[in-house]
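Residue numbers count from 1 along this sequence.
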Amino acid sequence: MAVKVEYVLKEAGTSLRRQPLMVAAAVLTVWVSLSLLGGTLTLNALARKLTSFWSGKVEVSVFLRDDITQDQQRAIEARLTSLPEVERVVFETKEQAWQNFKDMFRDTPDIVENVGPEALPASYRVKLKDPKRFEVVREALQGYPGVEEIRDEREVVRPLLTAVHWLNLVGMTLVVVFLLAAALLVANTIRLAIFARRQEIAVMRLVGATNWHIRLPFVLEGLVEGVAGAVLAILVVLGLTLLLERARLGFYGFALPPKVFVQNALTLLATGAGVGALASAAALRRFLKV
C-alpha cells in the first residue's frame, strides 16, 4: 500500500487538533529550550568576537611618576624599544590620557567632573607581539626609576571573559535539560495520539497497511511540533540580536555579522526538527508495535 502525501498531512493535522493542550505544551517546551540554545549560541559568538577584538587590543601600560626626569623617561623608552618581543611603543601624555578618559566616559559626566587631568599619569602603551609575554616588560623595567606601575591590560578583560564562559556553560546545561524535557513531552503527545487512534490502527493492520503508512503521520506530527518551537525560538534570537545592536555593541567594533544569525537560525531549525522526529520515533518504537 503506497503512502499518499495527502493522507499523511490529513492524519497529522487531525492528530494535532485532537489534543491542542498537549501539543501547545510540547511546542512551548521546545521553544524555551531552543531559545536558550539560540541565546547561548549568540552570546558564544559575541564572546569569540570579544576575545578576538581584545586580543588584538591588549597592551601593557607602563605608568610614569609625575616627578620623572627627561633622562629617566628616555632610558625607559630606549629599553622598551630594544625588546624583541615588543611590536610597538606609544607615549601618552597626561593631556592625551585626560582626553581619552573624557571620551571613554562622555556619557557619565559626573565621573569626568570628579577627575582632573592632574590625576592621570603619563604612560607608555606597549603592544607585544605575543600578549602572553607580559612578564618580559616587567622584568626589563624592574628597578627603573620613574616607573610608577606596570599593568597588564589583560587583567581588565579576564573577568569579563570568565563570566561569559560560565554563562555559556550554565546556558548549555539548561539547554540539555530543557531539550530532554521537550523530547519527553513530544514523545508523550505522540503516545496519546497513538492511544486515541488505536482502533483505526488495528483496522489498518487488518487491511494490510504498511508500517510506514501507519507511522508517518505520527512522525510528521512530532516534526511539526519541533519545527514550530524552533520558529518561535528564532524570533526570540532575532529579538536578542537586534537588542544587542541597539545596545551599541558595534561601537567597539565587534558587532555580530548577519551570517551569525543565519547560522544560528538554521541550527535551531535542524535541532527542533531533530528533537521532534527522534522523540516521535522513540514513542513509536515503544508504544506502536508495527
Set out, in order, the CA-CA distance, both residues' side-chain angles and the distance that settles side-chain contact (heavy atoms from CB on, under 4.5 Å) for Val186 and Thr29, then state yes or no. CA-CA 9 Å; Val186 172; Thr29 308; over 6 Å; no
side-chain contact (heavy atoms from CB on, under 4.5 Å) evaluation trace for Ile76 with Ile68: CA-CA 11 Å; Ile76 292 171; Ile68 189 173; 3.9 Å; yes
Evaluate the salt bridge (charged side-chain N to carboxylate O under 4.0 Å, His left out) criterion for residues Glu85 and Lys129: first the C-alpha distance (whole Å), next the side-chain angles of each, then the deciding distance (0.1 Å), finally the verdict. CA-CA 6 Å; Glu85 295 84 0; Lys129 296 176 182 177; over 6 Å; no
Quick one: do Glu225 and Val23 satisfy side-chain contact (heavy atoms from CB on, under 4.5 Å)? Show the steps, please. CA-CA 7 Å; Glu225 291 170 0; Val23 171; 3.5 Å; yes
Would Thr81 and Val86 count as a side-chain contact (heavy atoms from CB on, under 4.5 Å) if you check the C-alpha gap in whole Å, the side-chain angles of each, and the deciding distance to 0.1 Å? CA-CA 7 Å; Thr81 54; Val86 171; over 6 Å; no
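Remark: the Glu77 side chain and the Tyr124 side chain contain an N/O donor-acceptor pair separated by less than 3.5 Å.
Taken together through direct or relayed side-chain contacts under 4.5 Å among Ile, Leu, Val, Met, Phe, Trp and Tyr, Leu278 and Val227 form parts of separate hydrophobic clusters. Under the 4.5 Å side-chain heavy-atom criterion for ILVMFWY residues, a single connected hydrophobic cluster contains both Val170 and Leu179. In the hydrophobic clustering of this structure, Val176 does not group with Leu185; members are Ile, Leu, Val, Met, Phe, Trp, Tyr whose side-chain heavy atoms approach within less than 4.5 Å, directly or through other members. Leu266 and Leu41 are members of different hydrophobic clusters when ILVMFWY side chains are connected at heavy-atom separations under 4.5 Å.
The CZ atom of Arg65 lies 9.0 Å from the CD atom of Gln72; values are rounded to the nearest 0.5 Å. In this structure, the separation between CE on Met172 and CG on Leu36 is 10.0 Å, given to the nearest 0.5 Å. From Ile150, atom CD1 reaches atom OH of Tyr144 across 11.0 Å, with rounding to the nearest 0.5 Å. In this structure, CZ on Arg79 lies 7.5 Å from CG on Leu141, to the nearest 0.5 angstrom. Taking OG1 from Thr69 and CG from Leu64, the interatomic distance works out to 10.5 Å, rounded to the nearest 0.5 Å. Here the straight-line distance linking atom CG of Leu240 with atom CG of Leu235 works out to 12.5 Å at 0.5 Å rounding.
A pairwise comparison of heavy atoms in Leu34 and Gly229 identifies CD1-C, 4.3 Å as the closest pair. Of all heavy-atom pairs between Ala97 and Pro121, the closest is CB-O, 4.0 Å. Residues Ser280 and Gly222 approach most closely at OG-CA, 3.0 Å, considering heavy atoms. Nearest heavy atom pair, residue Gln96 against residue Phe91, reads OE1-O, 3.5 Å. Closest of all the heavy-atom pairs between Ala183 and Ala279 is O-CB, 3.3 Å.
Trp31 is listed as a side-chain neighbour of Val236, based on a closest heavy-atom distance under 4.5 Å. When side chains are defined from C-beta on, Leu184 does not count as touching Asn188, because their heavy atoms never get closer than 4.5 Å. Residues Leu223 and Glu221 form no side-chain contact, since every pair of their non-hydrogen atoms from C-beta on lies 4.5 Å or further apart. A 4.5 Å side-chain heavy-atom check between Glu92 and Ser123 finds at least one atom pair inside the cut-off.
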Could you list the donor-acceptor pairs under 3.5 angstrom formed between side-chain atoms of residues 256-265 and any protein atom two or more places apart in sequence or on another chain?
residue	atom	partner	partner atom	Å
Asn264	ND2	Thr42	OG1	3.4
Asn264	ND2	Val260	O	3.4

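In summary, of the residues considered (Val30, Leu232, Ile234), a side chain to side chain contact (heavy atoms under 4.5 Å, CB included) with Leu268 occurs for Ile234 alone.
For Lys94 (side chain) and Leu120 (main-chain N/O), a donor-acceptor pair under 3.5 Å exists by modelled atom type.
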